[in-house]
Amino acid sequence: MSFRPLHDRVLVRRIEEEEKTAGGIIIPDTAKEKPMEGEILAVGPGVRNEQGALTPLDVKKGDRVLFGKWSGTEVTMSGEELIIMKESDVMGIIENKSKSKKKAA
């Protein structure tokens, strides 16, 4: 199935957290909270400003992002649970540390 968000909306897949802590303690499903980290699967074209020009989104497909616990609307597509949310619900992009080390060198 193909899905293209409209305006400033993004399609996000939650990234599941580890089932064990660093100390080896297994976390049961009942004690887990919904992950607030995800991967952008699709983005809308952007929003129009007052002059009618299209302002593109800051996030792009493939970005790892943090978002609020209650952000967006959960949907099921092709048997997978995904979230559709506005770009403003995204708190930030998680950048790969190896990329930032290369830039500093």
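Residues Lys86 and Asp89 are not paired through a salt bridge, judged by the lack of any N-O separation under 4.0 Å between the basic side chain and the carboxylate.
Looking only at side-chain heavy atoms (C-beta outward), Val90 and Met85 come within less than 4.5 Å of each other. Between Phe3 and Val75, every side-chain heavy-atom pair lies at or beyond the 4.5 Å cut-off. Between Val43 and Lys61 the shortest side-chain heavy-atom distance does not fall below 4.5 Å. At a threshold of 4.5 Å between non-hydrogen side-chain atoms, the residues Glu74 and Leu82 do not count as touching.
Among all heavy-atom pairs drawn from Val59 and Asp63, the shortest one is CA-OD2, 3.5 Å. The minimum heavy-atom distance between Pro5 and Leu11, with the atom names listed, is CG-N, 4.1 Å. Of all the heavy atoms in Leu57 and His7, the pair that sits closest is CD1-O, 4.4 Å.
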Practice item. List the steps and the verdict of side chain to side chain contact (heavy atoms under 4.5 Å, CB included) for Phe67 and Arg14. Key: CA-CA 10 Å; Phe67 51 88; Arg14 285 188 195 272; 3.5 Å; yes

**Study point:** side chain to side chain contact (heavy atoms under 4.5 Å, CB included) between Leu54 and Val47, intermediate numbers included
**Key:** CA-CA 6 Å; Leu54 190 65; Val47 293; 5.9 Å; no

Exercise for review: Would you sort out whether Val65 and Ile40 count as a side chain to side chain contact (heavy atoms under 4.5 Å, CB included), showing the intermediate values?
Suggested key: CA-CA 7 Å; Val65 295; Ile40 302 287; 4.0 Å; yes

Check your understanding: Do Glu80 and Arg13 pass the side chain to side chain contact (heavy atoms under 4.5 Å, CB included) test, and can you show the C-alpha distance, the side-chain angles, and the key distance before you say yes or no?
Key -> CA-CA 9 Å; Glu80 185 176 20; Arg13 175 191 301 129; 2.6 Å; yes

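In this structure, the separation between OG1 on Thr73 and CZ on Arg9 is 8.0 Å, given to the nearest 0.5 Å. Atoms CD and CZ, from Glu50 and Arg48 in turn, are 14.0 Å apart once rounded to the nearest 0.5 Å.
Taken together through direct or relayed side-chain contacts under 4.5 Å among Ile, Leu, Val, Met, Phe, Trp and Tyr, Val10 and Leu66 form parts of separate hydrophobic clusters.
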